[in-house]
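For reference, the structure discussed in these notes is given below.
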Amino acid sequence: MTDTSNPDHTLPSHFIRHMIDHDLASGKHDGRVQTRFPPEPNGFLHIGHAKSICLNFGLAEQYQGACNMRFDDTNPEKESQEFIDAIKADVNWLGFKWHGEVRYTSAYFQQLFDFALQLIRNGKAYVCSLTPEQAREYRGSLTEPGRNSPYRERSFEENLELFLRMQKGEFADGEHSLRAKIDMSSPNINMRDPIIYRIRNVEHHQTGDYWKVYPMYDYAHCISDALEHITHSLCTLEFEDHRPLYDWILNNLTLDSLKNACLELGNLPDDINYVLPEQTEFARLNINYNVMSKRKLKELVELGLVNGWDDPRMPTLSGLRRRGFTPASIRRFCDIIGMSRSESIVDVGMLEHCIREDLDEHSARAMCVLRPLKVTLINFTDEQAQTLSLPRHPKKDIGNRQIQFGPTLYIDETDFEQTPPPGYKRLSPGDEVRLRGAYVIKCEDVVRDQSGKVIELLCSLDPATLGQNPQGRKVKGVIHWVPAEGALRAEVRIYDRLFNNANPDDKVLGDFKNCLNPESLQVLTDCLVEPSLVSAAAEESFQFEREGYFCVDRFDSRPDALVFNRTVSLRDSWTKTNG
RNA sequence: UGGGGUGUCGCCAAGUUGGUAAGGCAUCAGAUUUUGAUUCUGACAUGCGUUGGUUCGAGUCCAGCCACCCCAGCCA
């Protein structure tokens, strides 16, 4: 990635790296680091997932280990192949390579089922026939212990028979469940005989209609980790209370059976010491002015409040991509936000900083006039027209672009002010300004329509100012422009934050949708871009000088009808302090 | 009022076995600049949720408070 051009960027230390260093020093996993990224394919990935992706894949890279890509697909009702495809595309786009083939928890359903049989045989699991409502009642509450299920002491023969019949499809959803026999009075509710298998008579996107019982996350995840010989199982804070269960499941299965299954799957080099995986939690990512929950993002999509999962205003990876964010900028962001166990809300300015940093260095410059205002040069004729050559980048030598300079051109409406405020450095009546890469011009007259709106500026040009400063006076400002001859019409989509409130999740708002920013999308259809942009490729990024960074929309832009998305504006210390 | 966590600058976040508060973002000031961009320079926590205690010395140890987050899906 572009990190190679930034030798200053060193990997920050954090508690997970410290832990791994410690494990490695003690020889715990024979010096191996095996991680995994385990999304459920029930939605699109967002920037919060990027944190996890960068962590898991990044750690594997740093320690010469490996990171598996695994779809945690134990709940067929909410999942689909569409999401699987989108997630794989996003991870690839971010630039990470997973170890071997893509894994699926569903590919372990048989092993998982066999391990359940083992638990039943050893009296560690039983079939419970309480209804969901009754089960909730028996579970107790946060402050009161639960009560044992009346089915808790069924014989193992009966449990075995019932569980087999559950899988045969003899029962309706919810009629029975398989539960781990742990402790109904545990202060940790996850340990009150958690359900590990439920009946679901539905088709699974990977396994079809073969299975009638599906394992729960807590049961499947730890075993899947063990089967893939994961050394460090990293997840977010809300799973902290699940860790005792993660360990309980693995510790109540025989180590040999786990190891053998792992060996059979080819996930364990036979000369290596088999150690069970351990779960470690980190804080999930929150960014102000954004929502990060899959449920809320899905709601925005389904209610049509945004134009799909890849709407450029969405914090999804596909949205950020379409907006013009680069994989390098997102990886960099994940690096600088750090890793800790304290819940925090990162300023969206950090993300903006990362994309500006990347695009400033790598994107070509170009000129685009968002709101065209005609300028006619009164002392310059068609015969004097010439071709100007401007560098594509102010610091890096990536060639030049050609621009026609003639007597008619366009500047931005906002670069002219009839009565300029103090400190104004643009064009105003009787004043001079430089046209970027060209001459200094002076506003001699203003043409208005009946309503008084300025529709044209008549300016004079100082022929001695091409490539050099005028004698005896200082010209304060530089503005961008586009030639009337050859400029291309373009649509430019300007995006603002999706929410007006820094914390859309705040309960006092009632609903997060109450603070949607009605002006988050502004479409400008009469923009003019310089001729060199005819050859702009889909997704290519440019800095439109003095405006910001823009990319060619990967879906809607055509050579004869260009569409640009503003990724982010330039930093601006002028409009920040003035209107 | 059960259990599990977290509290270091406006926002993130480092802080080895206690030794006298890294860095980034943002902000402010100045320099350079044919992008009010970039770049550069400088400023920005006697303070580490709070109250006590131990100590020559505490963000780091101890105790008590306070605040916030997570958990009662046959979701993940």
Side-chain angles (χ1 to χ4, degrees), chain A residues 10 12-14 18 38-40 42 72-75 77-79 128 130-132 135-137 139-146 173-179 186-192 194-200 213-214 216-218 220-221 235-244 281 283 288 294 335-354 356-357 360-361 365 367 390 394-395 423-426 433-440 465 467-469 475-480 543-548 569-578:
Chain A
T10 50
S13 78
H14 56 63
H18 288 319
E40 181 188 16
N42 67 344
D72 206 353
D73 55 348
T74 58
N75 186 5
E77 290 172 304
K78 292 183 174 175
E79 304 158 1
C128 179
L130 250 23
T131 64
R136 189 188 319 132
E137 204 183 306
R139 190 156 36 232
S141 72
L142 293 177
T143 50
E144 301 157 319
D173 290 8
E175 216 175 319
H176 304 285
S177 65
L178 185 69
R179 299 229 247 162
S186 171
N188 181 345
I189 294 177
N190 294 301
M191 299 298 270
R192 318 238 262 233
I195 287 163
I196 58 177
Y197 263 97
R198 77 284 217 185
I199 299 170
R200 281 292 175 277
V213 290
Y214 290 94
M216 297 287 289
Y217 165 85
D218 286 312
H221 203 89
C235 64
T236 44
L237 247 27
E238 68 269 28
F239 292 104
E240 205 162 8
D241 292 340
H242 297 235
R243 199 191 325 142
E281 312 83 17
N288 58 12
K294 215 176 264 185
D335 274 346
I336 70 169
I337 56 174
M339 186 66 59
S340 76
R341 288 174 61 84
S342 63
E343 306 99 0
S344 56
I345 302 175
V346 175
D347 193 313
V348 69
M350 289 247 223
L351 223 205
E352 295 175 349
H353 163 77
C354 291
R356 286 193 182 107
E357 180 182 58
D360 174 56
E361 183 182 350
R365 311 290 122 125
M367 294 196 284
L390 276 62
K395 291 176 181 164
Y424 194 68
K425 297 209 292 184
R426 306 174 189 182
V433 77
R434 173 176 292 281
L435 293 177
R436 174 70 163 160
Y439 300 87
V440 168
T465 55
Q468 56 187 109
N469 288 130
V475 174
K476 53 193 175 184
V478 179
I479 63 174
H480 57 99
Q543 183 199 94
F544 287 164
E545 292 192 275
R546 301 209 313 128
E547 290 290 357
S569 66
L570 249 32
R571 285 187 69 205
D572 182 2
S573 55
W574 169 248
T575 54
K576 189 173 284 176
T577 48
N578 302 270

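In this text the structure is predicted, and so the values were computed from the model without any measurement. Every chain is numbered from 1, with letters handed out A, B, ... down the list of sequences. Only heavy atoms go into these numbers, but all of them, side chains included; no hydrogens, no water, no symmetry mates.
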Exercise. Closer than 4.0 Å, any side-chain N/O of Ser342(A) to the OP1 or OP2 of A13(B)?
Worked result: yes
Exercise. Pick the nucleotide of RNA chain B nearest each of Asn42(A) and Gly140(A); which residue has the one closer to the 5' end?
Worked result: Gly140(A)
Exercise. Quantified in whole Å, what is the P atom distance between nucleotide C75(B) and nucleotide U8(B)?
Worked result: 37 Å
Exercise. When the P atoms of U41(B) and U32(B) are considered, how many whole Å apart are they?
Worked result: 15 Å
Problem set entry | Interatomic distance, Ile199(A) atom CD1 to His176(A) atom NE2 [nearest 0.5 angstrom] | 6.0 Å
Seminar exercise, completed: By nearest-heavy-atom nucleotide on RNA chain B, the more 5' of Leu142(A) and Met339(A) is Leu142(A)
Exercise. For atom C1', what is the distance between A43(B) and G5(B), given to the nearest Å?
Worked result: 37 Å
For this session: Remember a base hit wins even if backbone is also touched, and classify Thr74(A) as base, sugar-phosphate or nothing at under 4.0 Å, heavy atoms.
Result: sugar-phosphate
For this session: Pick base, sugar-phosphate or nothing for His480(A), based on heavy-atom distances below 4.0 Å to the nucleic acid.
Result: nothing
Exercise. Which letter, B, S or -, goes with each nucleotide of nucleotides 31-44 of chain B from 5' to 3', with contact meaning a protein heavy atom under 4.0 Å?
Worked result: ---BBBSBS-----
Problem set entry | Any side-chain donor near an acceptor of the partner, Ser340(A) and Ser342(A), under 3.5 Å | yes
Exercise. Using a cut-off of less than 4.0 Å, is there contact between a side-chain N or O of Ser340(A) and OP1 or OP2 of C12(B)?
Worked result: no
Exercise. For G7(B), does either OP1 or OP2 sit under 4.0 Å from a side-chain N or O belonging to Arg341(A)?
Worked result: no
Exercise. Of the candidate nucleotides C11(B), G4(B), A76(B), which contains the atom at the shortest distance from the side chain of Glu240(A)?
Worked result: G4(B)
Problem set entry | Under 4.0 angstrom between Ser344(A) side-chain N/O and A13(B) OP1 or OP2 | yes
For this session: Starting at CG of Asp218(A), measure out to CG of Asn190(A) and round the result to the nearest 0.5 Å.
Result: 6.0 Å
For this session: Rounded to whole angstrom, note down the C1' distance from C40(B) over to A76(B).
Result: 49 Å
Problem set entry | Spacing of the C1' atoms in G18(B) and U55(B) (rounded, Å) | 9 Å
For this session: Write down the distance between NE2 (His242(A)) and P (G3(B)), rounded to a whole number of angstrom.
Result: 18 Å
Exercise. Considering only side-chain heavy atoms of Ile189(A), which listed nucleotide, A72(B), G4(B), C75(B), is closest?
Worked result: A72(B)
Exercise. Between Lys78(A) and Glu40(A), is there a side-chain N and carboxylate O pair less than 4.0 Å apart?
Worked result: no
For this session: Quote, to the nearest angstrom, the C1' distance that separates A45(B) from G23(B).
Result: 14 Å
Seminar exercise, completed: d(Met216(A) CE, Arg179(A) CZ) to nearest 0.5 Å is 11.0 Å
Problem set entry | Side chain proximity check, Arg139(A) to Pro194(A), heavy atoms < 4.5 angstrom | no
For this session: Using only side-chain N and O atoms of Arg139(A), determine if any of them is under 4.0 Å from OP1 or OP2 of C71(B).
Result: no
Seminar exercise, completed: Parsed dot-bracket for RNA chain B after applying the Watson-Crick and G-U rules with both distances under 3.5 Å and | for other-strand partners is .((((((..(((......[...))).(((((.......))))).....(((((..]....))))))))))).....
Problem set entry | Proximity to the side chain of Asp241(A) - top-ranked nucleotide from C74(B), C71(B), G2(B) | C71(B)
For this session: Could you label the plane-to-plane angle of the Phe239(A) and His242(A) rings as parallel, tilted or perpendicular, counting under 30° as parallel and over 60° as perpendicular?
Result: perpendicular
Exercise. When you compare C28(B) with C44(B), how far apart are their C1' atoms, in angstrom units rounded to a whole number?
Worked result: 8 Å
Exercise. Say you draw a straight line from NE2 of His480(A) to CZ of Arg546(A); how long is it, rounded to the nearest 0.5 Å?
Worked result: 4.5 Å
For this session: Look at the side chain of Arg136(A) and decide which nucleotide, out of A76(B), C11(B), G73(B), has an atom nearest to it.
Result: G73(B)
Exercise. Which value, in whole Å, describes the distance between the P atoms of nucleotides G59(B) and U50(B)?
Worked result: 11 Å
Problem set entry | Sidechain N-carboxylate O distance under 4.0 Å for Asp360(A), Arg365(A) | yes
Exercise. From C74(B), G5(B), C25(B), pick the nucleotide closest to the side chain of Glu343(A)?
Worked result: G5(B)
Problem set entry | Reported OG-to-CD1 distance for the pair Ser344(A) and Ile337(A), which is rounded to 0.5 angstrom | 7.5 Å
For this session: Could you tell me whether Tyr214(A) contacts a base, only the sugar-phosphate backbone, or nothing, with contacts defined as non-hydrogen atoms closer than 4.0 Å?
Result: nothing
For this session: Could you check which of G5(B), C74(B), C70(B) has an atom nearest any side-chain atom of Met216(A)?
Result: C74(B)
For this session: Pull up the glycosidic torsion of G73(B) and say syn or anti, syn being anything within 90° of 0.
Result: syn
Exercise. If you check every side-chain atom of Pro187(A), which of G73(B), G2(B), U6(B) has the closest atom?
Worked result: G2(B)
Exercise. Hey, does the side chain of His14(A) come within less than 4.0 Å of G23(B)'s phosphate (OP1/OP2), counting only N and O?
Worked result: no
For this session: To the nearest 0.5 angstrom, please state how far the CG atom of Asp241(A) sits from the CG atom of Asn188(A).
Result: 5.0 Å
